[in-house]
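Worksheet: the structure to be examined is printed underneath.
Letters go in sequence order (proteins before strands), and every chain restarts at 1. Heavy atoms only: backbone and side chains are in, while hydrogens, waters and symmetry mates are out.
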Amino acid sequence: MAFELTNHTSKPVTAREKDSSGDSLSPTDTQKDTRFAYIDNQPYEIREGETQLQFIRRNLGQDIVPTLCDAPNLEPFGSCRVCSVDVALQENGAVRTQASCHTPVAPNSYLYPNSDRIQKLRKNIIELVLTDHPLDCLTCEVNNNCELQTVAAKVGVRDVRYPAGKNHLDRKKDLSHPYMTSDMSKCINCSRCVRACDEVQGQFVLSMAGRGFDAHIVKGANQNFFESDCVSCGACAQACPTSAISDVFESKSIANTEKTRTICTYCGVGCNLEVATVNGKVKSIQAPYDAAVNEGHTCLKGRFAFGFYNHPDRLRTPLIRRNGELQPATWDEAYDYIANELTRIKKEHGPDFIAGISSARCTNEENYLMQKFIRAVIGTNNIDSCARVCHSPTALGMQRTFGTGAATNSIIDLKYTDLIMVIGANPTEGHPVTGAKLKQFAMKKPAIVIDPRRTEMARYAKYHLQLRPGTNVALLNMMLYYIIQEGLEDKKFIENRTEGYEEFRQKILALNIDEAEKVTGVNRELVRKAAIAYASAPNAMSFHGLGVTEHTLGTFTVMQIADLAMITGNIGRRGVGVNPLRGQNNVQGAADMGCQPHQGAGYLDVTDPENHKKYEAFYSAKLPDYVGYKIPQMYQAALNDKLKALWLMGEDVVQTDPNTHHVKAALAKLDLIVVQEIFMTETAKLAHVVLPAASFLEKSGTFTNGERRIQRVQQVTEPLEGTKPDGQIMIDIMNRMGYAQKPYHPDWLLAEISQIVPFFAGVKWNELGDNGKQWPVAQDGSDTEILHTDSFKRGKGKFIAAEWRETPEILKNGQEFPYIITTNRELEHYNNGTMTRRTGNVKILTEDVLLLHPDDAARHDIKSGDMVCVISARGKVDIKARVTDEVKPGVMSSTFHFPEIAMNNITSSECDTDALCPEYKVVACTIRKSKGKYKEEQK
Amino acid sequence: MSAETTHSQIAFPQETLAEVNRILGLFPEDNKKSALLRVLHIAQAEFGWLDVPVMDYVARLLHINPVEVYEVATFYSMYDTKPVGKVKLEVCRTGPCMIEGAEKIVKYIEDKLGIKDGETTADGVFTLKTVECLGACGYAPMLQAGEQFHEHLTEEKVDALIEKYRANPRANYMGM
């Protein structure tokens, strides 16, 4: 800064005659008052920490000062100088020019944002920029929506006075990537893309190389987008003020003016999206800056992977299996077939021979309808959802300790916390937007990562506890042990808010540390340091994922995480809590709506006589008062001839549930399989009736994200011809079977849900607004950011100790199959991949691969790219190897996004002891180089 | 960064690594980036020039992102991100030298050696590079060769120094 502004100038008090405006104060009031600064000699109150630009824009509007390098979601930078203003120490005094975007507004300073001098300066800056910018606006994709163009028009540039000199107009376009594009001849070196890459995503791909005239944006080491480490989040394209960086959908084109705000269909983060349509077709997607959840950011799935929605493979007509083949049918034929079969099975065997699995991909309203159909129309509690195979242990474990099975805090709390602990989660791949925020956090403040893999988070974490898969309980016991041993418990919190501590403490202190260190493979000193860090941080937040739940002791691990929060008093205020990273877009909602065999809508126990009476009266139907089948029990029942029909709404159990052979054998026993789907999945191929459903872009409803935020999904386009929203299908079949329902609309459905789900009491479709509401929502519509602030849902928090046991998978098969394979996710694909494999994402990541350690690879003479045969007690798969030290020796890792590999052929049927969540994370296996037909694939 | 990162064979010899670690020890645990300039000089001395795998190696040593090395290495003219000859003729191109005829000197060297700014002679002896101020404005125009300044340059002086280095490329290192 050229000079410093001070407020001790001895200027004479100048009387001001024209002071008629109401919000202006007279000079005598404000003269020495440090709360004020002046814009064009009018006083305005300053806010703490405000920049000159924010001060001017807040008081006089957005358009007073033009900017180029400034962006709403980036730190002030001050490189373009277009935002310059004149600043004086006294009224009409001598001025200096300062870049307002990064200069704090000083008390008693006089700002002149549009003096003649400043206007000339801005014009000259833009002229200089234009000497090295192609003037092909008419053919440029961002014509009329270009910030440079807007500013040039605003400052009044018509001709550039400077003669043409050296320039960069011959730079080539980069079209290497399926989504990202760049044309650096249009770059104005504002660094917005670099800062978006650093500050928003934290990928550090883009940078400014060279200096002076040679300064230019590089991707990695002068690579193109495709070769670089770019994760295609699109933050740079959205940040770029011109079309120097853009995307293949031309999302900044003025053609994309018709926009609908909706919620992403992929993960549980729940990003808000702005979907642009042209003539009813989706053209591009951007992330709104005012979205509470994603604040102008989203990932390559949310932003770019929408091409599946009108893909030729979409199912467009109902199919009925005739003579062993799925053949096209009308909706009426399909409904009649289903109604007849269900009626027959119900009559011959009873309602409990029918079961339903709902979908966490569908809306709350659709999930509510599905469980209502199964309970009220069929008359059984055999309803479950895919929460079973992901976070059921979280719900159960947190219900037992806290009373509510949902995230206690919100993602915004990252701004208030001092330490994060990430357990069994790989958020930068699985929950990219929250992952980016966690990564940003870990770069600045301490993070603890507990994960068998050196994930991206682990690389940034201060403490990485790289344990052997299946030993979470032993490791967390070590942490609890050291917290107690060091005397770091929050005694006041324990005393006032919890119960069962003394017994718990005794059990923890009895821990055999030697054994725990040995089984986890994590140095005890490192664990001690991490435990001390967690316990002594003023506010510590924990996050966990499927690496916690998908184990035989998943529920116990969740309870230990709750124990850790309680013992350190990290519950019930900003910046703390236990925060499961819910997997699917609406997995929270599916459970909330009662798609569980033991709890109805709103988590009320179905066996409780009072609840039972309430539900029967509400649905006007006779309901069973005993618990139904969980998903794994459904397969067992089918194999034992106790189940005859299964209805699946958007769930591909054949590809995604573990131990595929077992699942297929169970399905083969059924008389009726109904599948509602958007694509012909592996499960749909086995169905008797397939009903073509509409995607998230073609229907309305609500999704509830991982922080309990109920957000509006708004229909963007008409359902593809021949398809219907899942909710409408549900309603059709209910009507067909004699249970009258109005046509599908979230408005009346939410009104009904709010009467039976206590924490939805004040939820109304028209009042959810752009950013939704976090449940519990009271009758008056007020919502809740933080749970358990004064007391726990269950009264006092309950300490429950857990004892580590080896999983039966290792005990039974560990000798013969000495390696452990653990399953994970890749950023580019989502779950079974039916959607992402039908988008450009498949060009970025084309197959599942097996990660294995160099030592293990050397032992079997395997190189990266070789085909490897992985064998478990259930079966074998052939998969391409990637040799990496991200995993420890003896541990391997892979994904199940591609049906060609079908990784679940080798996973086991072992389950969490309490919640029956399958153990995807520990599979005993052995490896060898592939033989036969797979051997050739390595080329 | 996996162990499989290409060029994993790139590594400082034991002795150099010890020196690098000593330098790293001077900075706080979580801010090794501060040592970047010094470590890059050592890397350049060791490997001749800063190839991408060399820069990636430095990034790993300092626990920073590779691009943070690239941006620094490309910013300073003292770092070579392309192969260079045994003798680097770094001609100052900043204001005072320019006024005193640096452009003419550059042109003369270009013509004499048959190379352009930034290029290396076919025999791999000379690289010509124009650089920012070397702090010898009083002796303009000037160039630096290795560790030596050559000042008040004239065409004759350029002839002589080129002769000298052609005969002995190591002559540009004082006391060596």
Near [X] [atom1], under 6.0 Å, is it more than 12 heavy atoms from other residues, nucleotides or ligands?
X: A:Phe213; atom1: CZ; answer: yes
X: A:Lys529; atom1: NZ; answer: no
X: B:Tyr139; atom1: OH; answer: no
X: A:Asp229; atom1: CG; answer: no
X: B:Lys112; atom1: NZ; answer: yes
X: A:Lys462; atom1: NZ; answer: no

Could you grab the distance from atom [atom1] of [X] to atom [atom2] of [Y], nearest 0.5 Å is fine?
X: A:Gln223; Y: B:Tyr70; atom1: CD; atom2: OH; value: 6.5 Å
X: B:Phe75; Y: A:Met208; atom1: CZ; atom2: CE; value: 11.0 Å
X: A:Phe204; Y: B:Glu71; atom1: CZ; atom2: CD; value: 9.5 Å
X: A:Met443; Y: B:Asn65; atom1: CE; atom2: CG; value: 7.0 Å

Below 4.5 Å from any heavy atom of chain B, which atoms of A:Leu851 appear? Answer side chain, backbone, both or neither.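 Neither part.
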Here the pair of heavy atoms bringing B:Val67 nearest to A:Val205 is CG2-O, 3.5 Å
For A:Ala209, does its backbone N or O pair with a side-chain atom of B:Thr74 as donor and acceptor, under 3.5 Å? no
Per-residue contact mode, B:Glu132 against chain A (heavy atom under 4.5 angstrom) =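 Interface part for B:Glu132: side chain.
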